[in-house]
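Let me begin by presenting the structure, written as structure tokens, before commenting on it.
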Amino acid sequence: MKKLVISTLFVMQVVFVFAQSATGVTGKVVDSKTQKALQNVVVAILNSNLTVLTDGAGKFSFTDVTPGNQLVQIKTQGYGDQLLQVEIVSGKTLDLGTVILAEDQTQEQQLSLITITENDLGDDNSGSESTSGLLQASRDAFQQAAAFNWGQARFRIRGLDNEYGVTMINGITMNKIYDGRPQWGNWGGLNDATRNQEFTMGSAPSDYTFGGILGTQEINTRASIYRKGSRVSFSGTNTNYSWRMMGTHASGMNTNGWAFVVSAGRRWAKEGYFEGTDYAANSVFASVEKRFNDKHSLNFTSIYAQNRRGKTSPNTDEVTNLKDYKYNTYWGCQDGKKRNSRVKISKSQSIC
């Protein structure tokens, strides 16, 4: 009888051990945009030797994890790291569910600087044509100072002119044939319509071209990628023009597969920053897209940009010290009105 009781207790103990659940962690890793499973993502329990890779379904699993508070690190190339603090309970498997990894934006923020000033909109290279550099995409503190405070006339990335960078609209290269520089005045005043841009640093490969040594800038004007809504802005400045007004409307993609965007802008000044420099520029943008299915669509984009501005003279230090930095030798009075002897008029029509 005694042996029978001991044998029964031993069997019950064995059954009890096998009935216990493993102590571990499981989960699934997906991309934040596509929601697709990510394979070969490194998942590790910090301060331990436990490391696994996600399978084809994006799943991972740990067993025999030490109970208590643990840190689970999830990382892979091209994505931001995830560090999760979890509490492991003995005999239980913690399911983290779906873990989302977002693309790493650090590289995009440090992309090559592509700047342009009013100097590059003119046919000559007079040093006093510009007052400031235009906006650029990089958030690097040094490059921001170079763009806004120094300008293209006083600073160039790696000593290279902007002809070594490629600027494109919908995959079409916009650099001028005779000097290789992009003519930003061809779409000037349409900031809202041309804000969808992709940057590639240096000679890194681009989805649209082989690129240049100063980088690639792609402007996308497909109507379907604009956020639905209307936007109107009015601003004042003390640069080449005094006032700017812009209006943009995007319909978004409707149920029939149509989307359209219209935008218009006007910049003007009776006299800009320099003496005798009047300014008048009008810009119109329209984009229509028809989507046939998920893989095929047809887009039509039209841009009209007109610019009329009085030019400024390049002055020596002696002239600047005598007459002020704003002094301009190109203007005079005629019939009681200020007239500029050098007025540049440019018109551009683009269809892509």
Side-chain angles (χ1 to χ4, degrees), residues 30-36 100 102-103 105 108-109 111 114 116 121 134-139 166-175 182-200 206-209 216-237 241 243-268 280-307 346-352:
V30 300
D31 183 274
S32 62
K33 292 183 179 179
T34 64
Q35 297 299 311
K36 293 183 179 179
I100 299 175
E103 292 184 4
Q105 301 297 325
E108 181 178 351
Q109 295 175 2
L111 290 177
I114 301 178
I116 189 73
L121 302 180
L134 298 183
L135 296 178
Q136 41 79 37
S138 174
R139 296 183 181 180
V166 179
T167 301
M168 312 179 74
I169 296 182
N170 294 339
I172 301 175
T173 301
M174 303 304 293
N175 297 56
Q183 186 75 22
W184 286 73
N186 292 346
W187 55 92
L190 298 172
N191 302 46
D192 290 342
T194 58
R195 65 172 62 250
N196 298 315
Q197 303 179 9
E198 297 181 28
F199 300 91
T200 302
S206 169
D207 294 336
Y208 305 92
T209 182
T216 303
Q217 184 176 21
E218 158 69 12
I219 302 174
N220 197 331
T221 62
R222 291 181 55 188
S224 60
I225 67 175
Y226 289 84
R227 184 174 61 182
K228 182 179 179 180
S230 301
R231 176 189 176 97
V232 178
S233 64
F234 184 87
S235 59
T237 178
Y241 53 89
W243 307 101
R244 185 186 71 177
M245 182 170 58
M246 289 192 303
T248 303
H249 174 73
S251 67
M253 185 65 69
N254 61 24
T255 56
N256 296 324
W258 286 94
F260 71 88
V261 179
V262 292
S263 181
R266 174 169 172 77
R267 296 164 292 165
W268 72 95
N282 301 300
S283 306
V284 180
F285 169 92
S287 180
V288 180
E289 181 177 355
K290 170 60 177 177
R291 177 177 294 175
F292 302 101
N293 50 52
D294 293 337
K295 296 183 179 180
H296 298 86
S297 64
L298 181 64
N299 185 81
F300 172 86
T301 297
S302 176
I303 298 175
Y304 172 80
Q306 173 269 334
N307 186 292
S346 62
K347 292 183 180 180
S348 172
Q349 298 178 355
S350 302
I351 298 177
C352 53

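Each residue takes its place number in the sequence, starting with 1.
Between N170 atom CG and E218 atom CD the span is 6.0 Å, to the nearest 0.5 Å. Rounding to the nearest 0.5 Å gives a distance of 11.5 Å between CG of N220 and OG1 of T194. Going from atom CZ of R266 over to atom CZ of F234 covers 10.5 Å, rounded to the nearest 0.5 Å. Note that CZ of R195 and CG of L190 are 11.5 Å apart. Values are rounded to the nearest 0.5 Å. Note: D31 CG to K36 NZ = 9.0 Å, rounded to the nearest 0.5 Å. Note: E198 CD to D207 CG = 6.5 Å, rounded to the nearest 0.5 Å.
Side-chain atoms of T301 and N299 include a donor-acceptor pair closer than 3.5 Å. If you check the side chains of S287 and T221, you find no donor sitting under 3.5 Å from an acceptor.
For E289, the salt bridge (charged side-chain N to carboxylate O under 4.0 Å, His left out) partners two or more places apart in sequence, or in a different chain, are R222.
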Practice item. Under the side-chain contact (heavy atoms from CB on, under 4.5 Å) rule, what do N191 and R244 come out as? Steps first, then yes or no, please. Key: CA-CA 11 Å; N191 302 46; R244 185 186 71 177; 3.5 Å; yes
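Within the 4.5 Å cutoff, the side chain of S235 has no heavy atoms near those of the M246 side chain. Inter-residue side-chain proximity for S302 and F300 is flagged as met; some heavy-atom pair is nearer than 4.5 Å. When side chains are defined from C-beta on, W268 counts as touching W243, because their heavy atoms get closer than 4.5 Å. Side chains of Y208 and T216 form no contact here, defined as non-hydrogen atoms less than 4.5 Å apart. S224 places a side-chain heavy atom less than 4.5 Å from the side chain of R291. Proximity of I219 to N196: side-chain heavy atoms (C-beta onward) are nowhere separated by under 4.5 Å.
Proximity of a side-chain donor or acceptor of K290 to a complementary backbone N or O of N256 within less than 3.5 Å is detected. Using a distance-only test at 3.5 Å, with no hydrogens or angles considered, no donor-acceptor pair links the side chain of Q183 to the main chain of M174. Side-chain atoms of N186 do not come within 3.5 Å of backbone N or O of A305 as any donor-acceptor pair. Checking side-chain atoms of T248 against main-chain N and O of S263 turns up no donor-acceptor pair under 3.5 Å.
Here the closest non-hydrogen pair linking S283 and R267 is OG-NH2, 4.2 Å. Across E103 and S32, no two heavy atoms sit closer than the pair N-OG, 4.4 Å.
The aromatic rings of H249 and F260 lie tilted to each other, with the angle between the two planes from 30° to 60°.
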